[in-house]
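Just so you know, these numbers use all the heavy atoms, side chains as well, and skip hydrogens, waters and symmetry mates. Chain letters run A, B, ... following the sequence lines, proteins first, then strands; residues in each count from 1.
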Protein chains: 2
Amino acid sequence: MKRATAQHVAIEAGVSKWTVIRAFTPGSSITEVSKAKVLAAAEKLNYRPNLLARSLATNLTHQVAVLVDDFGNPHKLPFLETLTAALQAKGLVAILVNINDHYNHIHAILNAEQRQVDAIILLGTAFRDETLNDRKLGGGSAPMFVLARDSQIEGVPAVSCDTDVAIAEIGKHLLERGYHRPGFMCGPRTLSTALGRRRNFKEFWRRERDTDLLEIAADRYSVDAGAEAARRYLEKTPATDRVDVLMCENDALAFGALDVIRSEFKLRVPEDIAVVGFDNAAFAASPSYGLTTYEQPVSEMVDAVIAMLLGQREKITVNIRGRLVVRAST
Amino acid sequence: MKRATAQHVAIEAGVSKWTVIRAFTPGSSITEVSKAKVLAAAEKLNYRPNLLARSLATNLTHQVAVLVDDFGNPHKLPFLETLTAALQAKGLVAILVNINDHYNHIHAILNAEQRQVDAIILLGTAFRDETLNDRKLGGGSAPMFVLARDSQIEGVPAVSCDTDVAIAEIGKHLLERGYHRPGFMCGPRTLSTALGRRRNFKEFWRRERDTDLLEIAADRYSVDAGAEAARRYLEKTPATDRVDVLMCENDALAFGALDVIRSEFKLRVPEDIAVVGFDNAAFAASPSYGLTTYEQPVSEMVDAVIAMLLGQREKITVNIRGRLVVRAST
DNA sequence: ATCTCGTTTGCTACCGGTAGCAAAAACTAT
DNA sequence: ATAGTTTTTGCTACCGGTAGCAAACGAGAT
């Protein structure tokens, strides 16, 4: 059975199709009588306005593309949950785009724009800033936002956790606990993502203790990559030379590191090596991990991007303060 | 700068807009010369066809709504990853819909249909079958599919892991290990979702050992709910009366149960209580959990739904065989 | 040079809505 | 009852493509 259109309902109700449309357009001028007639006819024919046609005419799809390249990070799931819920509350809907080897950022952005999305959100994706300056993207029409990651890109505001404050809090906590040989596990070195947290942490130790920061790079931002990097480090470094606290750029890396430290090398956490993460992913609270970490203010961050893309807030980069969560790993 | 349309390119290239369209329609009749002219003009104006307009005319959006109500289950993430990647490989895109207290299935389905999606996939959502028989959904136009869950719904094929085989394999393994006081932790009792695995497991013990199955119901399918349910059970049951193996309907529940069993009640796994999950979520492999579980054939399942929705495969319920993964928890 | 035949191009009508103007209807005031 | 005002309804044009027919074109045969 073919779907009913406004025209069909119009005939059924004995009015013009524009009157039908008005019955479905809040705040438009229509008598109660006509509206009731139309609604009855619509109900009977199971009519619902075609949002595609509406979008074509209004130039608004109420669709937002959400680009994710980092499904290995379990914290993406609560982020997606919060984001989709908040979008839906505003009548928007998320197109989830998986950035991977077969489908890169350029591809994704161009396709999203062809679909006329109202905005594009880069959800913590590990692209290089240069990527977005690609000529092919010239005249891109959909406003872009970077969520949960820094961005130096001209005209692309970022909403993320305030790294300065976060690192200061974490550092203070670690000093109080008496750690003095710090290490930092970051993601792929080539990415500017890493910069903020790593640079801050490095400067913190230089300033406070005139200490150098040992840096360990993981291949990706995932549990496996974190395990792999930790393994490489522990294998090649004799016990006496090791760091006494390892800060990981995110919880995913920290989980992997913890697994290897405890299970493969039989080291005690935090006595032999303390570990700190970043995100406060669900499993960080599990007694199996008990990870000290820094909670990203997910809801506030999501609300901020959405306010921006709705034009209810100035489109500029903001950093929102998170919260240190101390657990057994330090 | 307003986005260029076929008309603009036509003027630039000195042809009609239909010739422009043909240059972008593979297999249509156009000379190399015209095509080159059009492509050059298009390049210059940064033209890309408007997929919205195309969808309106062709009645195909290449969009699939994916409904998820279960973000508390970490295994949803790899599922989403696989699903989005597979859809994108076929030129489709996923609209991720978050089903929650403010946005129920009916809502989601109606909205998806208004957006003219090509299909709706219910990704392991815990709806009641009756929901989908709601009159409001009468004449629904988008084909629906249930993924990673059973479905008894008329006309809605399900693609899931073969429960019969899975439970038989798990049961056999548990018998070999000598367990004889089985328990089963399921999700909300009111949902038929639970039925398959629970019923099978129950029948298995009845048949093989003439043993009754102890059943524990969790409120939701999440780590927290699993922890909560395990806590309630262990608190009220003296050590001597407890089950010696607890099968959980999915890994999320099992993680919660493991945390409580080990950390709160200081019991040994598997010596005091063995635990089995279902899904083979990423953390099941972590040495912190070491969970024996049953791996769902995610890729095969995803491929099967996609083949169905593309019409390349008969639209009937299929069960695909998974794989038992034995780890330290049994 | 003329006639085919097949290819290429342009055209009308349409997908299902929206915007905003103009005509019609209903209401108010005199 | 009539004129003036406001509300409601219908209309044309349009959003940017697609479908499929008809005209124009070009090459080969006569």
* When you measure from the side chain of B/D118 to the backbone N and O of B/V64, does any donor-acceptor pair fall under 3.5 Å? -> no
Sequence neighbours excluded, the answer for ring-ring contact (aromatic ring centres under 6.0 Å, His included) partners of A/F71 is none
Give a yes or no on whether the backbone of A/V298 and the side-chain of A/T82 come within a donor-acceptor separation of less than 3.5 Å. no
Between B/E32 and B/L56, whichever has its closest DNA chain C nucleotide further toward 5' is B/E32
Note: contacts of residues 21-28 of chain B with DNA chain D (heavy atom, under 4.0 Å) are B/I21, B/R22
Contacts satisfying side-chain hydrogen bond (donor to acceptor under 3.5 Å, both in side chains) that involve residues 296-309 of chain B (not counting sequence neighbours) are B/D279-B/Q296
To the nearest 10 degrees, the angle between the two end axes of the helix from C/dA1-D/dT30 to C/dT30-D/dA1 (five pairs per end) comes to 40°
Across all chains, not counting sequence neighbours, the salt bridge (charged side-chain N to carboxylate O under 4.0 Å, His left out) partners of B/K315 are none
A/E81 meets the salt bridge (charged side-chain N to carboxylate O under 4.0 Å, His left out) criterion, sequence neighbours left out, with none
Sorted by chain and number, sequence neighbours left out, ring-ring contact (aromatic ring centres under 6.0 Å, His included) with B/F145 holds for none
| query | Looking across every strand, which nucleic acid part, if any, lies under 4.0 Å from B/S55 by heavy atom: base, sugar-phosphate, or nothing? | reply | nothing
Sorted by chain and residue number, the side chain to side chain contact (heavy atoms under 4.5 Å, CB included) partners of A/K37 (sequence neighbours excluded) come out as A/V15
Residues pairing under ring pair (Phe, Tyr, Trp, His ring centres under 6.0 Å) where one sits in residues 30-55 of chain A, two or more places apart or in two chains, turn out to be A/F24-A/Y47
The salt bridge (charged side-chain N to carboxylate O under 4.0 Å, His left out) partners of B/D70 (sequence neighbours excluded) come to B/K76
Look at all strands and tell whether B/I30 reaches a base, only sugar-phosphate, or nothing, counting heavy atoms closer than 4.0 Å.
sugar-phosphate
DNA chain C: first to last nucleotide in contact with chain A (atom under 4.0 angstrom from a heavy atom), 5' to 3', is C/dG16 to C/dG20
- Task: Please state whether the phosphate of D/dT8, meaning OP1 or OP2, lies under 4.0 angstrom from any side-chain nitrogen or oxygen of A/S29.
- Result: yes
Contacts satisfying side-chain hydrogen bond (donor to acceptor under 3.5 Å, both in side chains) that involve residues 18-29 of chain A (not counting sequence neighbours) are A/S16-A/T19
Of B/W18 and A/A57, the one whose nearest nucleotide on DNA chain C sits closer to the 5' end is B/W18
